[in-house]
Amino acid sequence: MDVTDREIKTKNAECKPAENKGSSVQIKVLFFARARDLTGLTELPLELSSGSTTQDCLNKLVARFPSLEEILGSMVLALNEEYTNESVIVQDKDELALIPPISGG
């Protein structure tokens with residue numbers, strides 16, 4: 001192996017993400033309005049695999065609280081107090097808020 005081959009292999013190794021099999025992240029889920037009514041909770045710690053998306057969070061929450069299914073199509077998500085979508089990857093200690101539509105007068 002010449003120097004160029006070693007440099008390429010070293011650069012490739014540096015670019016690869018560290019693989020921690022079984023690593024996880026812990027987030028806090030906040031429930032508002034109808035989501036709070038359906039779960040009976042204001043917040044919940046949730047453990048997920050590293051690399052999980054907000055959609056993965058929703059899937060896990062609906063598995064635990066099937067009644068959330070009724071508002072899935074109409075609620076908004078906020079990650080760390082900023083509106084987000086279902087494809088964003090969550091990080092350790094993130095805060096995910098489920099915000100259903102609110103009506104009133």
Side-chain angles (χ1 to χ4, degrees):
M1 175 175 1
D2 64 12
V3 173
T4 306
D5 288 338
R6 269 185 272 153
E7 287 176 4
I8 291 171
K9 287 187 182 204
T10 302
K11 286 180 183 174
N12 286 342
E14 291 170 0
C15 294
K16 289 182 184 175
E19 292 182 25
N20 285 336
K21 301 257 187 223
S23 64
S24 63
V25 296
Q26 180 95 14
I27 68 166
K28 183 196 304 186
V29 181
L30 303 176
F31 301 97
F32 292 95
R34 184 75 178 133
R36 182 185 310 136
D37 295 341
L38 293 170
T39 62
L41 301 170
T42 56
E43 63 181 59
L44 173 78
L46 187 65
E47 187 171 336
L48 300 147
S49 301
S50 292
S52 292
T53 63
T54 50
Q55 182 63 56
D56 296 325
C57 298
L58 288 175
N59 294 343
K60 196 165 186 175
L61 290 167
V62 169
R64 184 165 176 183
F65 304 102
S67 58
L68 284 174
E69 190 92 41
E70 95 177 40
I71 59 170
L72 274 183
S74 59
M75 74 176 158
V76 176
L77 299 175
L79 188 63
N80 301 320
E81 300 182 3
E82 298 211 6
Y83 291 119
T84 190
N85 61 53
E86 291 86 3
S87 62
V88 175
I89 294 175
V90 296
Q91 305 293 322
D92 196 42
K93 306 219 187 311
D94 275 354
E95 187 176 84
L96 180 67
L98 307 185
I99 308 167
I102 299 171
S103 63

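Between atom CD of residue E82 and atom CD of residue E95 there is a gap of 12.0 Å, rounded to the nearest 0.5 Å. Remark: L58 CG to E69 CD distance equals 10.5 Å, nearest 0.5 Å. For the atom pair CD of E43 and CZ of R36, the computed distance is 10.5 Å after rounding to the nearest 0.5 Å. To the nearest 0.5 Å, atom CD1 of residue I89 and atom CG of residue D56 are 9.0 Å apart. The OG atom of S67 sits 7.5 Å away from atom CZ of R34, with the distance rounded to the nearest 0.5 Å. Put simply, CG on L68 and CG on D37 are 11.0 Å apart, with the number rounded to the nearest 0.5 Å.
I99 has its side chain within reach of Y83: a pair of non-hydrogen atoms, C-beta onward, lies under 4.5 Å apart. For the pair V25 and S52, the minimum side-chain heavy-atom distance is 4.5 Å or more. Side-chain contact between L44 and R64 is present, with heavy atoms from C-beta onward closer than 4.5 Å. The shortest distance between side-chain heavy atoms of L98 and L77 falls below 4.5 Å.
Of all the heavy atoms in A33 and P100, the pair that sits closest is CB-CG, 4.1 Å. Closest of all the heavy-atom pairs between K60 and L48 is CD-CD2, 3.8 Å.
In the hydrophobic cluster analysis, where Ile, Leu, Val, Met, Phe, Trp and Tyr join through side-chain heavy atoms closer than 4.5 angstrom, V29 is grouped together with L38.
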Quick one, L46 with L61, criterion side chain to side chain contact (heavy atoms under 4.5 Å, CB included). Give me CA distance, side-chain angles, the key distance, then yes/no. CA-CA 9 Å; L46 187 65; L61 290 167; 4.2 Å; yes
Kindly indicate, with the supporting measurements, whether the criterion side chain to side chain contact (heavy atoms under 4.5 Å, CB included) is fulfilled by C57 and I27. CA-CA 9 Å; C57 298; I27 68 166; 3.6 Å; yes
